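For clarity, every value in this text was computed on a predicted model and none was experimentally measured.
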Amino acid sequence: MRNVITGDGGPWSRATGTRAGEGCGAPPRARALLAAAHGGPALAVTVVTGLLALRVGLRPTAAAAATGAVFAGQLTIGWGNDLLDLSRDRAVGRTDKPLAVGSLPVGWVARALVVTALASLVLSALAGWRSALVNVVLATGAGHAYNVGLKATRWSWVPYTCGFGMLPSVVTLAASPPHWAPWWMTAAGAALGVGAHLLNVLPDLADDEATGIRGLPHRIGERPSRVLAAALLTAASVLAVTGPAGPPPAWAWTALALVAVLAVLTWFGRGRAPFRAAVAIALLDVVLLTVA
């Protein structure tokens, strides 16, 4: 979903004034290939998957298969996004995109996508057919549906709801016996996903509008998107703390109080502070979802 945490050079992956593939001399093409896959966000989602696997106590082989399948799937989403957006990225001068600036051949990315998609299918199968079906269709598949067309519609939030909401079940369905993730974990993941989508698009609103991309954030505007993102991310925090059986640990309540403070800053702050506060809530959500 442009890679599930950030997307098209979103807040954590966007370059800061240099051409993709530049820096201290030209990096290897392998590094440019990873950048085109939105490697940082892909790794972040992979770490979340691995932590969830530890939380539910998966066998090492199942944990490795499920985590690897998610990582490979995320890479294909990133490459697919940059391939489909190539003309738009060039039109708006996206210097943080290796394909757009010509530092990476299109053929390399296309071949990497095919090989990695096959690897994702194999790893998904090793995690069990239930986990495989959810990952391929409802998680990775949702990301590609976003890339192919949903991101330009009012339904742009749906792939994020599906991808993030189903991620815990990709893990739990690889367990013995396989089972769906608890409702609160699914709901928290879905809320986190939509909040991440709203935040991710904010830096690119103008560029997207110029190239005909009008998803939900573009239609409701910058401030409503920010406020809605904060509300959803806060809801995810509450679900992650109060959802599990038994009393939450004291530190979880402290984290929830911090989320409340950050939410107020997101709603009423000025300048870049609201955006940074919302990103901080998202990071706390990840911690609460995987550890609390």
Side-chain angles (χ1 to χ4, degrees), residues 4-6 11-12 40-41 43-60 62-64 66-67 70-71 127 131 134 139 160-199 226-269 273-292:
V4 198
I5 294 261
T6 66
W12 291 294
L43 286 170
V45 175
T46 303
V47 168
V48 171
T49 306
L51 291 174
L52 287 171
L54 289 174
R55 175 172 181 157
V56 303
L58 286 191
R59 292 176 292 105
T67 304
V70 168
F71 179 53
S131 175
V134 171
Y160 281 81
T161 304
C162 190
F164 268 75
M166 289 295 102
L167 186 61
S169 287
V170 171
V171 174
T172 59
L173 288 171
S176 297
H179 57 280
W180 291 96
W183 71 268
W184 61 266
M185 189 177 284
T186 301
L192 174 59
V194 179
H197 167 50
L198 294 167
L199 285 180
R226 177 160 46 87
V227 171
L228 180 57
L232 288 167
L233 294 172
T234 302
S237 302
V238 173
L239 286 166
V241 170
T242 62
W251 71 264
W253 288 114
T254 302
L256 199 56
L258 178 57
V259 165
V261 173
L262 290 169
V264 172
L265 181 58
T266 301
W267 292 327
F268 301 109
F275 180 78
R276 290 168 181 157
V279 170
I281 297 174
L283 294 175
L284 282 170
D285 284 347
V286 170
V287 173
L288 291 169
L289 192 60
T290 57
V291 179

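With rounding to the nearest 0.5 Å, the separation of CG in Leu239 from CE in Met185 is 11.0 Å. Atom CG of Leu58 and atom CG of Leu52 lie 9.5 Å apart (nearest 0.5 Å). Interatomic distance, OG1 of Thr290 versus CG of Leu51, reported as 4.5 Å (0.5 Å rounding). The distance from the OG1 atom of Thr186 to the CE atom of Met166 is 5.0 Å, given to the nearest 0.5 Å. Atom CG of Leu54 is separated from atom OG1 of Thr49 by 11.0 Å, given to the nearest 0.5 angstrom. In this structure, Leu192 CG and Leu284 CG are separated by 11.0 Å, a value rounded to the nearest 0.5 Å.
For the residue pair Val241 and Pro244, the shortest heavy atom distance occurs at O-CD, 3.7 Å. Ala188 and Ala240 get closest at one heavy-atom pair: CB-N, 4.5 Å. Across all non-hydrogen atoms, the minimal contact from Gly189 to Phe164 is O-CB, 2.9 Å. In this structure, Ala263 and Ile281 approach most closely via the heavy-atom pair N-CD1, 3.6 Å. The shortest heavy-atom contact between Ala230 and Trp267 is CB-NE1, 3.4 Å.
With sequence neighbours excluded, the residues that form a side chain to side chain contact (heavy atoms under 4.5 Å, CB included) with Pro274 are Arg226. Take Ala190 and apply the side chain to side chain contact (heavy atoms under 4.5 Å, CB included) test, not counting sequence neighbours, and it matches Thr161. Legend: residues meeting side chain to side chain contact (heavy atoms under 4.5 Å, CB included) with Ser131, ordered by chain and number and at least two apart, are Ala127, Val170, Leu173, Ala174. Here Arg276 pairs with nothing under the side chain to side chain donor-acceptor pair (under 3.5 Å) rule; sequence neighbours left out.
For the side chain to side chain donor-acceptor pair (under 3.5 Å) condition, the pairs that include at least one residue of residues 229-250, sequence neighbours left out, are Ser237-Asp285. Residues in residues 168-179 take part in no side chain to side chain donor-acceptor pair (under 3.5 Å) pair, two or more places apart or across chains.
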Residues Trp251, Leu288; criterion side-chain contact (heavy atoms from CB on, under 4.5 Å); working and verdict: CA-CA 10 Å; Trp251 71 264; Leu288 291 169; 3.8 Å; yes
Derivation and outcome, side-chain contact (heavy atoms from CB on, under 4.5 Å), residues Phe71 and Val47: CA-CA 9 Å; Phe71 179 53; Val47 168; over 6 Å; no
Might you work through the side-chain contact (heavy atoms from CB on, under 4.5 Å) test for Thr266 and Val227, ending with a clear yes or no? CA-CA 7 Å; Thr266 301; Val227 171; over 6 Å; no
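Counting heavy atoms from C-beta outward, Leu233 and Leu199 have side chains that approach closer than 4.5 Å.
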